[in-house]
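Some notes on the structure that comes next.
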Amino acid sequence: MPWRGAFSISEYEGTYRMAEYSSLEKIRLQKIEELRAQGIEPYPTRAERTHTSLQAIAALEAAPAGEETEIRATLAGRIRATRPMGKLVFTHIEDGEGKIQLFLRVNEIGQEKIDFFNKYYDLGDFIQASGVMMRTRTGEATLQVHDFKMLAKAVSPLPAAKDETLDDGTLVRHAALEDAEIRARQRYADLAVNAHIRENFRQRAAIVKALRSYLDGEGFLEVETPILQPLYGGAAARPFVTHHNELEQDMYLRISFELYLKRLLVGNLERVYEIGRDFRNEGVSFKHNPEFTQLEFYCAYADYLKVMELTENMIGHVCDTVFGTRKFTFEKEPGKAYELDFSTPWRRLEMRQGILETSGIDIAEYPTAEALFKAIVTRHPHKTPDPHVTRGKLIDFLLGEFLEPTLIQPTFLHDYPRDISPLAKPKPGDPLTVERFEGYVAGFELCNAFTELNDPLDQEQRFLDMQTDYSDDEEEKNPLDEDYLRAMRYGMPPNGGFGMGVDRLTMLLTNNRSIREVLLFPALRKEE
RNA sequence: GGGCGUGUAGCUCAAUGGCAGAGCAGCGGCCUUUUAAGCCGUUUGUUGAGAGUUCGAGCCUCUCCACGCUCACCA
């Protein structure tokens, strides 16, 4: 907000650096000043509440007929609608659980208080009201107010206006806050006004809790590893760089947890997991945010087949405990909804087979990048991949172009090319392929897992190969982590590892097609 | 980063290149069971910013800003 000079009210003049106030805000500031002039503090320090909105309604419903007037309650919440009628006022307040109607009546509180309410209370203000529970003529559970108090005056009007409930119970939103930018930038206003958004985030919290409870139940230890790292690794992504002044060295925000968690397996912690933030300095899109929540776990003496079972059971557990069902509707595009079924077992599909079925190309017949490239351009002349990439990248291209869009129901796509999987263990008898799978749902990648490479000499060679393979591609070049190799030389048990974007899982289960909808404060350019 | 699109009152949206508008919110009044309460009256604008074309620009052109979609990127 540009500074445009102080608001003229004497109370504030010269005292604060004032934003530019709208005419609506100036009126509310005037009300604040008038309240203070009357000795009424518009921001009192303490509040009281005996019932939440739901508790008050439940108490009324539980009361035997004729004893309703015994139910005294003090409620607190934000004013969302007012209907003043001269000698009566109906108003709805909203608290953390829902809405409840307040009824101010001249017979109980007198005209003076009615007028005072109408003059000084606005939509958005926090109010405390006490009285007795009653039912209106239409049967709505309502608090008949005997006394009320301002808890916090809102200077700025909330962006949304009103809801209408039709006879059939449908909620129609009028002048609702829909602007995507305002909703994301001012999430506080979005949450205050859009109850269904609050529900999204409650569900997200429940999902994370259910993931934890499943892994805890399976004997996994939750750990925390460094976010600020001297080297980054475990994924192919550009990192954020920062600098430590005293140590006089650059530090990186982690792009994955993998290399630290596997060090713990060397230390005989057999089952570990971490839920936390990864940072990738890359493009922002409806499914990418520069920081996102990742779950990784590593399980000693397991292979990727065991990890598949853990995965489908873990997600099944989340579905059951949070939603009570394994069937979900996901609207990937407007008007294009999928019915997803997370029942176990998920479909297993070998990548070679999947690519053959969807593109007509059997990658096993083309063991070199040159041969595979030729096969692709011959069969699909209108779809041309970059000719200078590795065989693994070409397979990735086929996967993205042809196979991925067909993977709607939960599917484990398994057995990946070795050269795009430098931390995965080769399949016995097939040196070009590693034991890796990705979980696909609704046509996009949900998770990634493999039988972890635990041969320190092979690992060292893979790192060196990466350095040369991508020598002309700085962005792909991961630093060689000598300490990780040192750890592995002490001996790492065979193990299966797993990583999943928690934001993406939340998107799927809450039917949100944009990652912004499941992040409270998604990354945005700074405002002017 | 490329392409396409959007930006008008606090909110949701109108306006052939010709006086910037409506509903809600706000303000004043009436109203003792309302729930988008209603009725009467009424206020609010740097049309994202800047430049240009034109007698005249919300509208056309250019630059910039923000956001959305999409492509690239994301093993």
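Both backbone and side-chain heavy atoms feed into the values below; hydrogens, waters and symmetry mates do not. Note on naming: letters A, B, ... go to the chains in the order of the sequence lines (proteins, then strands), and numbering restarts at 1 for each one.
With both pairing distances under 3.5 Å, B:C62 is matched to B:G50 as a Watson-Crick or G-U wobble pair. With a 3.5 Å ceiling on both atom-pair distances, B:A14 lacks any Watson-Crick or G-U wobble partner. Using Watson-Crick or G-U wobble geometry with both donor-acceptor distances under 3.5 Å, B:U8 finds no partner in any strand shown. Across all strands shown, B:C31 forms no Watson-Crick or G-U wobble pair with both distances under 3.5 Å. Remark: B:G1 base-pairs with B:C71. Criterion, Watson-Crick or G-U wobble with two distances under 3.5 Å. B:G45 is unpaired under the Watson-Crick or G-U wobble criterion, no partner having all donor-acceptor distances under 3.5 Å. Partner assigned to B:A20 is none, using Watson-Crick or G-U wobble distances below 3.5 angstrom.
When the P atom is used for both B:G45 and B:A37, the distance is 27 Å, rounded to whole Å. For the P atoms, the distance from B:G58 to B:C67 is 26 Å, rounded to whole Å. Comparing B:U12 with B:G50, their P atoms sit 23 Å apart, to the nearest whole Å. To the nearest whole angstrom, the two P atoms, one in B:C73 and one in B:C64, are 25 Å apart. The C1' atoms of B:U8 and B:C4 are separated by 22 Å, rounded to the nearest whole Å.
Looking at which nucleotide of RNA chain B each of A:E258 and A:A523 is closest to, the 5′-most match is held by A:A523.
Counting to the nearest Å, the P atom of B:C74 and the CD atom of A:Q294 are 17 Å from each other. Put simply, CG on A:L88 is 6 Å from P on B:U33, counting in whole angstrom units. The interatomic distance linking A:D115 (CG) with B:C30 (P) rounds to 9 Å, in whole Å. Summarising the geometry, the separation between CD1 on A:I93 and P on B:U34 is reported as 21 Å, rounded to the nearest angstrom. If you take CD1 of A:I114 and P of B:C30, they are 14 Å apart, rounded to a whole angstrom. Rounded to whole Å, atom C1' of B:A75 lies 14 Å from atom CG of A:L413. Look at CD on A:Q459: it is 14 Å from C1' on B:A75, rounded to the nearest Å. One atom, CZ of A:F286, and another, C1' of B:C4, lie 16 Å apart when rounded to the nearest Å.
Of the candidate nucleotides B:A75, B:C74, B:U35, B:A75 has the atom nearest to the side chain of A:D396. In the set B:C27, B:A75, B:U35, the nucleotide with an atom closest to the side chain of A:K31 is B:C27. Side-chain proximity of A:Q101 to the nucleotides B:G26, B:U34, B:C11 is greatest for B:U34. Comparing B:U35, B:A75, B:U33 by their closest approach to the side chain of A:I420 singles out B:A75. Closest approach to the A:L123 side chain among B:G26, B:C74, B:A75 is made by B:G26 (side chain taken as heavy atoms from C-beta onward). Of the candidate nucleotides B:C73, B:G26, B:A75, B:C73 has the atom lying nearest to any side-chain atom of A:R238. Each of B:U32, B:A75, B:U35 was ranked by its minimum atom distance to the side chain of A:N107; first place goes to B:U32. Comparing B:C11, B:U34, B:C74 by their nearest atom to the side chain of A:R280 picks out B:C74. You'll find that the side chain of A:N448 is closest to B:A75, out of B:A75, B:C74, B:U35.
For B:C74, the OP1/OP2 oxygens have a side-chain nitrogen or oxygen of A:K393 closer than 4.0 Å. Side-chain nitrogen and oxygen atoms of A:R137 include none within less than 4.0 Å of the OP1 or OP2 phosphate oxygen of B:U34.
For A:F498, the ring-ring contact (aromatic ring centres under 6.0 Å, His included) partners are A:F297, not counting sequence neighbours. A:Y188 is linked by a ring-ring contact (aromatic ring centres under 6.0 Å, His included) to nothing, counting only residues two or more places apart in sequence or in another chain. A search for ring-ring contact (aromatic ring centres under 6.0 Å, His included) contacts involving A:H380 returns A:F402, not counting sequence neighbours.
A cation-pi arrangement is present between A:R513 and A:F286 under the rule of less than 6.0 angstrom and at most 45 degrees off the ring axis.
A:Y260 and A:E258 are not linked by any side-chain donor-acceptor pair at a separation below 3.5 angstrom, with hydrogens and angles left out of the test. A donor-acceptor pair shorter than 3.5 Å can be found between the side chains of A:Y120 and A:Q38. Side-chain N/O atoms of A:E97 and A:S53 include no donor and acceptor closer than 3.5 Å.
Counting non-hydrogen atoms under 4.0 angstrom, A:P417 reaches nothing in the nucleic acid.
Side-chain N/O atoms of A:E140 and base N/O atoms of B:U33 include no donor-acceptor pair closer than 3.5 Å. Contact of A:R83 with B:U34 (side chain to base): a donor-acceptor pair of N or O atoms is detected under 3.5 Å. Judged by distance alone, with hydrogens and angles left aside, A:T136 brings a side-chain donor or acceptor within reach of the base of B:U34, the pair sitting under 3.5 Å.
For residues 498-506 of chain A, proximity to RNA chain B is found at no residue, defined as any non-hydrogen atom under 4.0 angstrom from a strand atom.
Residue pairs meeting the side chain to side chain donor-acceptor pair (under 3.5 Å) criterion with at least one member in residues 284-295 of chain A, sequence neighbours excluded, are A:R204-A:T293, A:R277-A:E291. Within the structure, salt bridge (Lys or Arg N to Asp or Glu O under 4.0 Å) contacts touching residues 395-407 of chain A (residues at least two apart or in different chains) are A:K383-A:E401.
Checked against a 6.0 Å centroid threshold, the rings of A:Y338 and A:F330 do not count as neighbours.
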